[in-house]
Undergrad: 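Below is the structure I would like to discuss, written out as C-alpha cells.
In what follows, chains carry the letters A, B, and so on, assigned in the order in which the sequence lines appear, proteins first and then strands, with residues in each chain numbered from 1.
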Number of protein chains: 2
Amino acid sequence: MIVCTTIQELKAHLAQQRKNKPDGVIGIVPTMGFLHEGHASLMKRAREDCNYTVLTIFVNPLQFGPNEDFDRYPRDLERDSALALANGIDLLFAPTVQEMYPTKPLTKVLVSEVTERLCGASRPGHFDGVGTVVSKLLNLVQPDRAYFGMKDAQQVAVIEQMVHDLNMPVRIVRCETVREADGLAMSSRNVYLSADQRKQAVILSETLRAAESWLKQPGMTRLKLSKLIADSIRSVPLAEIDYAELLTYPNLSPIDANTEISALSQTIIIALAVKFGSTRLIDNRLFQLGGGDTNVQNNDEIQTSPGDRHGSEPQLCGQHHH
Amino acid sequence: MIVCTTIQELKAHLAQQRKNKPDGVIGIVPTMGFLHEGHASLMKRAREDCNYTVLTIFVNPLQFGPNEDFDRYPRDLERDSALALANGIDLLFAPTVQEMYPTKPLTKVLVSEVTERLCGASRPGHFDGVGTVVSKLLNLVQPDRAYFGMKDAQQVAVIEQMVHDLNMPVRIVRCETVREADGLAMSSRNVYLSADQRKQAVILSETLRAAESWLKQPGMTRLKLSKLIADSIRSVPLAEIDYAELLTYPNLSPIDANTEISALSQTIIIALAVKFGSTRLIDNRLFQLGGGDTNVQNNDEIQTSPGDRHGSEPQLCGQHHH
C-alpha cells in the first residue's frame with residue numbers, strides 16, 4: 001500500500017496506475033479517518049468492485065462549524081493505515097489542511113433544497129464544505145466509483161445531486177450502515193460517549209426498528225409517527241433531540257402532518273440526530289412504501305430505488321451487522 | 001467533424017477517441033456560438049496544441065439575468081458548424097437547454113471575491129452561471145486544456161480561481177482578444193450595434209490604447225487615470241459607462257485613489273463596460289508594471305505573470321490583429 005500526503009505524489013501514483021492498467025476501475029473511499037467497521041465495509045466493497053482503491057483521510061475544516069469538534073475530532077493515522085492495509089487499499093492519501101487549501105479557498109460547491117433540512121439546518125455551511133471537499137477529492141483522484149455510507153444519508157443525497165447536476169464522471173455507490181452488536185450505528189464520534197451515554201445511545205436504532213411496526217399500523221399519519229418517535233427517544237434521560245424527521249428520500253421533502261404513511265408510494269427516511277452531552281449522534285432508516293401495500297425495508301435489505309432519478313446510477317451495497 | 005447534441009453521443013465519441021489515442025491531448029473551446037474571429041483564434045490555438053479539439057456551443061440560461069438578452073442572443077448553428085469545420089474542430093457539441101439541465105439544477109459553483117466587481121457587480125449571478133456551466137462542460141469532456149479569450153478577462157480570472165480551488169484536472173489557456181481593423185474587440189453582440197453606435201464603439205479600444213501613454217506620465221495616480229479614462233469614453237455621445245475600473249489582475253482587488261500607478265509592481269487591468277443603447281460592450285487591457293520602471297504591455301505581447309499564483313499553469317497565447 002502506498003501512503004502519500006501530497007497532491008504531487010498522489011497524481012504521480014495514479015498516472016502510473018492508469019498507464020499500467022488503462023481499463024482499470026478506480027474506486028475512492030473518502031473518509032475523515034479514525035476508521036471503524038463502517039469504513040471497513042466501504043473499503044471491502046470498493047476492493048470487490050475495483051482494480052485500484054484509494055482511501056482518503058482528511059478532516060475537512062470547511063465542513064465544521066465554528067463551535068463544532070474540528071479540533072477534538074479523533075485522529076489516529078497509524079491505526080488507520082493498518083486497517084487500510086488489512087482491507088486491501090492500494091493508495092492511502094492523507095493530506096494536510098495546507099495541502100488541500102494552500103490559498104484561501106474562494107470557490108464553493110453549493111447544493112440547495114436537499115441541504116435545507118436535517119443536518120443542513122442544524123449545521124449551517126456543513127454541506128457547502130462537504131460538496132466542496134468531495135469535488136476536490138473527485139477531481140484529484142478521478143475515480144470511476146465513489147463509496148459512501150448510508151449512515152450519512154443526507155450526505156449521500158447531496159453528493160448524488162451534485163454529481164448529477166454537474167455531470168461529474170463518477171458512479172456513487174451507497175453502502176449500508178454498519179452497527180455495533182446492540183444496534184448502535186458505527187461512528188468515529190462514539191468514542192466521545194461516557195458509559196451511561198453509550199448504553200442509552202442504543203435508543204436511536206431501537207426507535208428506528210420500532211418505527212418499522214408503527215408504520216404498518218392502520219391510520220398511522222406522519223404526525224402520529226413523529227410523536228411516537230420523539231417520545232421513544234425521550235424515554236432515555238440523557239438524550240436531547242436535535243431533529244427527528246420523516247421526509248421523502250433522496251429529495252428530503254417534508255410530508256404533510258395528516259398524510260397516511262402507508263398511502264405514500266415514495267421511499268421515505270426517518271432521520272435522527274440526538275445529542276448525548278456534547279456528542280451528537282445521527283442515524284436513519286429508509287422505508288420503501290407501496291402506496292397502500294406497505295413494504296417495509298429493514299436494514300439488511302438492499303434499497304435500489306432512491307437514486308433512479310439520477311443519471312449517476314448510484315448503487316447500494318448491502319452490509320450485514322456484525 | 002462530428003456534430004452531436006446529446007451527452008450520450010458526446011461521451012461515446014470521446015471514449016472512442018481515448019481508446020484510439022490513450023496519450024492524446026484533448027482541448028475544449030467552450031463558446032455560446034455565433035462564432036467570430038476571436039473564437040477562430042481559440043480554435044486555431046487548440047488545434048495547434050491538442051490531438052483532439054472539442055468546440056462546445058451552448059447559450060447558457062444560467063448566466064443571463066432576467067432582463068438580459070438570453071432570448072435574443074444571436075444563434076446560427078449552420079454558419080458556426082462551417083467555421084468549426086474550417087478551423088479543424090474534431091467534435092462540435094451543441095446541446096439543448098433540456099440536455100444540459102434535464103432537472104431543476106440545485107447545484108452551483110460559486111467563486112467569491114474575484115466575482116464581486118466589474119461584470120460580477122453589474123450582472124448579479126452571471127459568474128455563478130458561468131462557473132456552473134464550465135464545471136459541467138469540463139466534467140463532460142474531461143479535457144487536458146481549455147481555451148478562453150481574454151476579452152472576458154474577469155471570466156478567465158474566475159475560471160482560473162475555480163480550477164485552482166477545486167483541483168480540476170485541466171490547464172486553462174488564456175488567448176488574446178481579437179479586434180476589428182479599427183480596434184473594436186470582436187464580440188457576438190457587435191451585431192446589435194447601429195451604424196452610428198458601431199462607429200463610436202471604437203472609443204473603448206482607443207481609450208485603452210491612450211491609457212498606455214497616460215500610465216507613463218509622472219505622478220499619474222489611480223484617481224487621475226480613472227478620470228482620464230471616463231472622460232475619454234464620455235467624449236462620444238452614445239456611450240454610457242457601466243464601469244471603467246483599474247484593478248489588480250487576476251485578483252481584481254481595488255487600487256487606492258492616490259496610489260501612483262507607476263509604483264505598482266503587480267499586473268493591473270483596465271476594464272471597461274459601456275452601453276450603446278441596449279447593447280453592452282466590454283473590453284480590457286492588462287499592464288505589467290515594474291514598480292517604478294513601468295513596462296507597459298501592448299495587446300500583441302504575451303503576458304505570462306498573472307496566473308503564476310495558481311497550480312493550473314494558465315498560458316497566454318498571443319493573437320495578432322487582423
Undergrad: Classify the angle between the aromatic ring planes of F58(B) and Y101(B) as parallel (below 30°), tilted (30 to 60°) or perpendicular (above 60°).
TA: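 The arrangement is tilted - the two ring planes meet at 30° to 60°.
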Undergrad: Flag the one option from Q142(A), M100(A), K19(A), R18(A) with the top tally of heavy-atom pairs under 4.5 Å to chain B.
TA: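 Highest number of heavy-atom pairs under 4.5 Å: Q142(A).
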Undergrad: Among S135(A), P169(A), P22(A), P105(A), who wins on heavy-atom pairs under 4.5 Å with chain B?
TA: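 The candidate making the most pairs under 4.5 Å is P169(A).
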Undergrad: Between I7(B) and chain A, which part of the residue has a heavy atom less than 4.5 Å away: side chain, backbone, both or neither?
TA: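 I7(B) touches chain A through side-chain heavy atoms alone.
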Undergrad: Under 6.0 Å from the six-membered ring centre of F70(A) and within 45° of its axis: does the NZ or CZ of R75(A) meet both?
TA: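 So R75(A) does make the cation-pi contact.
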Undergrad: Tell me whether N167(B) contacts the main-chain N or O of L140(A) through its side chain, where contact means a donor paired with an acceptor under 3.5 Å.
TA: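 Flag not set: sc N167(B) to bb L140(A) has no pair under 3.5 Å.
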Undergrad: Would you check if there is a donor-acceptor pair between the side chains of Y249(A) and N284(A) at a distance under 3.5 Å?
TA: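 Side-chain D/A pair, N284(A) to Y249(A): absent.
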Undergrad: May I ask you to name which of V111(B), D128(B), T107(B), V109(B) has the most heavy-atom pairs under 4.5 Å with chain A?
TA: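 Answer, by heavy-atom pair count under 4.5 Å with chain A: T107(B).
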